[in-house]
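Computed from a predicted structure; not experimentally measured. Numbering of residues begins at 1 and proceeds along the displayed sequence.
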Amino acid sequence: MTSHYNLRSREKRFSVGDEVLILMPSSTYKLLNTWIGPTKVVKLTRPHSCLVQMEDGSTRELHVNKLRPYISRVDHVGVMFDQDSNFGELHYVPTDKETQPNAGIELNQMSDVLNSQQKHQLRKLLEHYEERHIPESSWKSQRERPFC
């Protein structure tokens, strides 16, 4: 039985200063656990235990099975060109979740952002990849489609 479990198991390793999420029981329902955090690993106390600084400033020793690495998510990406020396006001581009396919972009609307050479390069790229665009309806399963 253990040999079957050990085939896919991996040992969790944390370092001092790592940001982690902690699996804690919910205060409203004793069988419901929630991930809280991020918190920081302060000290590695035993081979499979870490001293973690909680959000309220207290510290707690927890087994690594109750910890998960914290990965911050990026909400937006800033676009800057190599030729620019003074960035001025930065404009944020929406993430993939918010955008539609590129086929309908009007490059004339971007007159203050791109020069004529950049517009030409962008138009060529869009035309090149336009035929490779696969509509979402063909690759999304029934579960991934939004409810209507």
Side-chain angles (χ1 to χ4, degrees), residues 1-82 84 86-114 118 121-123 125-148:
M1 190 72 161
T2 59
S3 60
H4 185 10
Y5 172 80
N6 289 338
L7 286 175
R8 295 189 181 189
S9 68
R10 290 181 297 192
E11 189 172 329
K12 291 184 180 181
R13 296 189 188 272
F14 296 103
S15 302
V16 174
D18 285 352
E19 288 188 321
V20 294
L21 297 174
I22 302 171
L23 185 64
M24 296 291 286
S26 174
S27 60
T28 57
Y29 187 62
K30 68 179 183 177
L31 298 178
L32 178 66
N33 293 326
T34 56
W35 292 98
I36 63 167
T39 60
K40 285 200 180 219
V41 175
V42 177
K43 182 180 177 184
L44 304 175
T45 54
R46 298 187 192 130
H48 298 287
S49 296
C50 299
L51 192 65
V52 178
Q53 185 172 8
M54 304 297 282
E55 292 173 331
D56 61 358
S58 63
T59 56
R60 212 167 174 181
E61 185 176 359
L62 298 168
H63 193 273
V64 294
N65 287 349
K66 300 283 185 183
L67 303 176
R68 172 190 286 181
Y70 173 72
I71 301 169
S72 62
R73 304 288 183 211
V74 177
D75 291 336
H76 57 273
V77 177
V79 178
M80 297 176 204
F81 297 102
D82 293 338
D84 294 341
N86 182 11
F87 296 115
E89 184 181 337
L90 298 178
H91 300 278
Y92 292 99
V93 178
T95 57
D96 287 345
K97 294 179 251 178
E98 302 167 0
T99 59
Q100 297 295 321
N102 294 334
I105 290 179
E106 283 293 328
L107 298 180
N108 295 334
Q109 295 173 351
M110 302 172 69
S111 60
D112 59 331
V113 179
L114 301 176
Q118 291 170 334
Q121 289 174 341
L122 180 57
R123 187 174 285 116
L125 277 172
L126 291 174
E127 288 171 0
H128 178 71
Y129 288 105
E130 184 176 33
E131 63 192 40
R132 296 181 187 179
H133 174 70
I134 301 169
E136 285 187 22
S137 58
S138 65
W139 60 267
K140 277 194 169 185
S141 69
Q142 188 66 31
R143 289 181 180 252
E144 294 174 329
R145 290 188 186 138
F147 294 161
C148 296

Does any part of the side chain of Tyr70, heavy atoms only, come nearer than 4.5 Å to the side chain of Val20, both counted from C-beta?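 Val20 vs Tyr70: side chains apart.
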
Please examine the side chains of Val64 and Cys50, heavy atoms only from C-beta on, and report whether any two atoms are closer than 4.5 Å.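 Of all side-chain heavy-atom pairs linking Val64 with Cys50, at least one is under 4.5 Å.
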
Find the distance between [atom1] ([X]) and [atom2] ([Y]) and round it off to the nearest 0.5 Å.
X	Y	atom1	atom2	answer
Leu51	Thr59	CG	OG1	4.5 Å
Ser26	Leu31	OG	CG	10.5 Å
Leu62	Met24	CG	CE	7.0 Å
His48	Leu67	NE2	CG	13.0 Å

Can you tell me if NZ on Lys12 sees more than 12 non-hydrogen neighbours from other groups inside 6.0 Å?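 Correct, the count exceeds 12.
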
For Val52 and Ile22, which heavy atoms make the closest approach, and how far apart are they?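 Here Val52 and Ile22 meet closest at CG1-CD1, 3.7 Å.
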
Which heavy-atom pair separates Thr39 from Gln53 by the least distance, and what is that distance?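 In this case the closest contact between Thr39 and Gln53 is CB-O, 3.1 Å.
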
Give every residue pair that meets the salt bridge (Lys or Arg N to Asp or Glu O under 4.0 Å) criterion with at least one member in residues 47-70, sequence neighbours excluded.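 Listed once each, the pairs are Arg46-Glu61.
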
